[in-house]
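Working notes, beginning with the structure itself.
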Amino acid sequence: MIFSALLRPLYAVCQTNWYVIVQLALVVVSIVVIGYILMKKLGWLCGSVMILALMMGFAMDVFYTFQYTECGFIVLTAGLLLIVDNLGRINKSTLAGIALALMGSLIRWDVFYAVGGLSAPLLLYRFFPLDKAGKKKAVITMCLLFVATFGAKAVDIVAYKADDGWDEFRKYNEVRTAYSDYKVYSLTAENPFEQYGISDADYTMLSHWNYYDEEKFTIELLDTISQGNQQITAAELMDKTIERIKDMLKGDIYRWMFLLVAALSLVSLRPSWSGGVMIAVWGLYGVLMLYLVYRMRITSWVELGLIWTVSVFVLYCISRSKINSALNFLAMTAVLVAIICISLPVYKQLYIDYPNYVEWAQLEEPYFAAMTQDKENLYLIATQSINPAAGYDVINPREKDFFSNIVAYGGWLSRAPHRDKALADYGLTRPLVDAVDNPNVYLDYHCINEAVEYVKGQLGVEVYAVIAGENAYAPYQLVTQLPE
């Protein structure tokens, strides 16, 4: 809520996608901050080598496949590293670190706990050698950090609660996030929720995020299935952990970067306080990964964010270790060369595939253009259609009323007031169920068979999907009797 409020003046000046632009700007600033600190600690040559290796390893995921959770990790890591590097002083750099940490927490609040926890060994390592005045300033710095971040979170909650519609969205989104962002990735083909009255057809909808139906998938039910059956045995935990370790070798560039940083830390490890801090960071990362695997809350973007944070903090520890500078430079150069050899073929293939991607992204554009122009009818789309419906022109988002008659029956905007209003304008409260035999409601072609089976189970009658056009992207209407 606060982050969007900060963007409103920018939207008043120019109607463009400030949400993405500002986050990307924060990512660039964060990388510059991290690069500056690493060059200061490692020397400009070794520091340049490592920041270039980080960019080669993470650039595709950070910039090409942009994701706000990953952005939160990067910005928070830069902010806390800036605080660590200036602990014991209150200056512009300290305040900049607090500001970056605050912005990162506004982008994704939960990330604050993960990055904050991983930074604890570095903060303690820097805190204890300080004199009395330095320790006082360090405590003031941390108090300012906590007041800023937790204060902003409190204001955010109050802002949501001040509006009944957005408060309902907040409550629903908490359980939706617990299920859709984490729980759903641990599901199997077999329905584990029969004991909660969820049929196979219901389970299919849950598996696709397409479950915006308050009467069936209530807050209480989503909370129950998100929390239930999440405990796994020690043997299962070990198996899942081994699977996660194997994932490190599947070829993603950032994972290879992580393995190379791990190898570099072994080369640099010495019996010193900095070595102990490095071990503590690795240990906390291991505990956090075990916890996330145990709670079934590990996703690719969370994994990438944790890998970025640990890589940066470990490199900072290496800069404090007393190792031979020549060995240091050779080891880091080897890391850079390895990452270049791994990443160049990937980036080359992205360049080759880009024209095909642009062509593919435009295939459904006429389909959604026709939808939004037909304001007499409502179009319900599956979550699989949200990205193409939003358009792939990041800088120029859809016009203000584009989605006034296009509503997703699932996804992260379920229960948002503007989506509920769009449904109410066409007389719907249960998107799929109320669409049956409604001549003014059409369904997106994605997951149409699954939607039909779900509605059949809810109504207890035969339901058919009738296509309303001849092209591959034509929408459907749900009816109880086929037209003659």
Side-chain angles (χ1 to χ4, degrees), residues 1 4 7-8 11 15 17 19 159-160 162-177 180 205 208-219 222 364-393 396-448 450-452 454-455 458 465 468-469 473-479:
M1 190 73 81
S4 62
L7 298 180
R8 286 178 185 174
Y11 281 108
Q15 288 295 314
N17 198 343
Y19 178 78
Y160 271 107
D163 184 289
D164 291 340
W166 283 110
D167 190 38
E168 288 298 316
F169 167 77
R170 179 188 63 82
K171 294 174 182 176
Y172 185 84
N173 195 54
E174 286 179 358
V175 295
R176 183 212 58 79
T177 300
S180 295
M205 300 301 282
H208 291 301
W209 284 33
N210 297 321
Y211 52 86
Y212 184 13
D213 185 347
E214 288 185 69
E215 291 192 24
K216 176 62 182 180
F217 303 115
T218 63
I219 289 178
L222 289 177
E364 298 188 56
E365 189 62 25
Y367 170 53
F368 291 108
M371 278 186 179
T372 190
Q373 292 168 12
D374 182 19
K375 298 298 184 183
E376 292 184 3
N377 297 307
L378 175 70
Y379 291 86
L380 300 175
I381 62 174
T383 55
Q384 288 80 358
S385 289
I386 290 178
N387 284 338
Y392 292 95
D393 188 348
N396 300 300
R398 300 296 196 187
E399 55 270 20
K400 187 174 181 179
D401 67 340
F402 186 90
F403 291 101
S404 61
N405 68 323
I406 302 174
V407 177
Y409 55 90
W412 45 94
L413 284 176
S414 300
R415 295 302 312 275
H418 60 290
R419 290 293 174 90
D420 283 352
K421 181 181 183 303
L423 290 172
D425 287 344
Y426 293 88
L428 276 70
T429 54
R430 301 180 68 185
L432 291 177
V433 175
D434 292 343
V436 177
D437 289 332
N438 191 326
N440 297 113
V441 180
Y442 292 84
L443 258 69
D444 169 45
Y445 73 97
H446 277 113
C447 299
I448 186 64
E450 291 86 346
V452 169
Y454 172 74
V455 174
Q458 296 304 302
Y473 306 119
Y476 289 77
Q477 285 193 305
L478 300 184
V479 298

Donor-acceptor check, side chain of Thr372 to backbone of Phe402, threshold 3.5 angstrom: yes or no? yes
Supply the atom-to-atom distance Tyr409 OH to Ser414 OG, rounded to the nearest 0.5 angstrom. 11.5 Å
Which residues share a side chain to side chain contact (heavy atoms under 4.5 Å, CB included) with Leu413, sequence neighbours left out: Ala416, His418, Arg419
To the closest 0.5 Å, what do you measure between OH (Tyr426) and CD (Glu376)? 8.5 Å
Non-hydrogen side-chain atoms of Leu380 and Asp444 separated by less than 4.5 Å: no
Shortest non-hydrogen pair, Ile386 vs Gly410, comes out as CD1-O, 4.4 Å
Would you indicate whether the side-chain heavy atoms of Tyr367 and Pro475 approach each other to under 4.5 Å? yes
Contact check, side chains of Gln384 and Asn210, non-hydrogen atoms, under 4.5 Å: yes
What is the distance from atom CD of Glu399 to atom OG of Ser404, rounded to the nearest 0.5 Å? 9.5 Å
Atom pair CD1/CD of Ile448 and Gln477 - distance to nearest 0.5 Å: 10.5 Å
What is the minimum heavy-atom distance between Gly165 and Pro417, and which atoms define it? C-CG, 3.5 Å
Grab the two heavy atoms, one from Ala435 and one from Leu428, that are nearest each other, plus how far apart they are. N-CD2, 4.5 Å
Close side-chain approach of Leu378 and Tyr442, heavy atoms under 4.5 Å: no
Are any of the side-chain heavy atoms of Asp434 and Thr429 separated by less than 4.5 Å? yes
Taking salt bridge (Lys or Arg N to Asp or Glu O under 4.0 Å) as the cut-off, I'd like each qualifying pair that reaches into residues 404-416, sequence neighbours left out, listed once. Glu168-Arg415, Glu214-Arg415, Arg415-Asp420
Backbone N/O of Asp374 and side chain of Asn405: donor-acceptor pair under 3.5 Å: yes
Output the distance between atom CG (Asp167) and atom OH (Tyr160), rounded to the nearest 0.5 Å. 10.5 Å
Are there more than 12 heavy atoms of other residues, nucleotides or ligands under 6.0 Å from atom NZ of Lys375? yes
In terms of heavy-atom contacts, Tyr212 and Ala408 come closest through CD2-O, 3.7 Å
Contact between Pro431 and Leu423 at the side-chain level, heavy atoms closer than 4.5 Å - yes or no? yes
Can you tell me if Asn173 and Arg176 form a side-chain donor-acceptor pair at under 3.5 Å? yes
Any non-hydrogen side-chain atom of Tyr172 less than 4.5 Å from a side-chain atom of Leu222? yes
Could you please spell out the steps behind the side chain to side chain contact (heavy atoms under 4.5 Å, CB included) verdict for Leu432 and Leu443? CA-CA 8 Å; Leu432 291 177; Leu443 258 69; 3.7 Å; yes
Has Asn377 got a side-chain atom pairing as donor or acceptor with Val441's backbone, closer than 3.5 angstrom? no
Got a sec: does the CG of Asp164 have more than 12 other heavy atoms crowding it under 6.0 Å? no
With heavy-atom distances below 4.5 Å as the criterion, would you say the side chains of Ile381 and Ile406 are in contact? yes
Tyr19 side, atom OH; Tyr11 side, atom OH - distance, nearest 0.5 Å: 9.0 Å
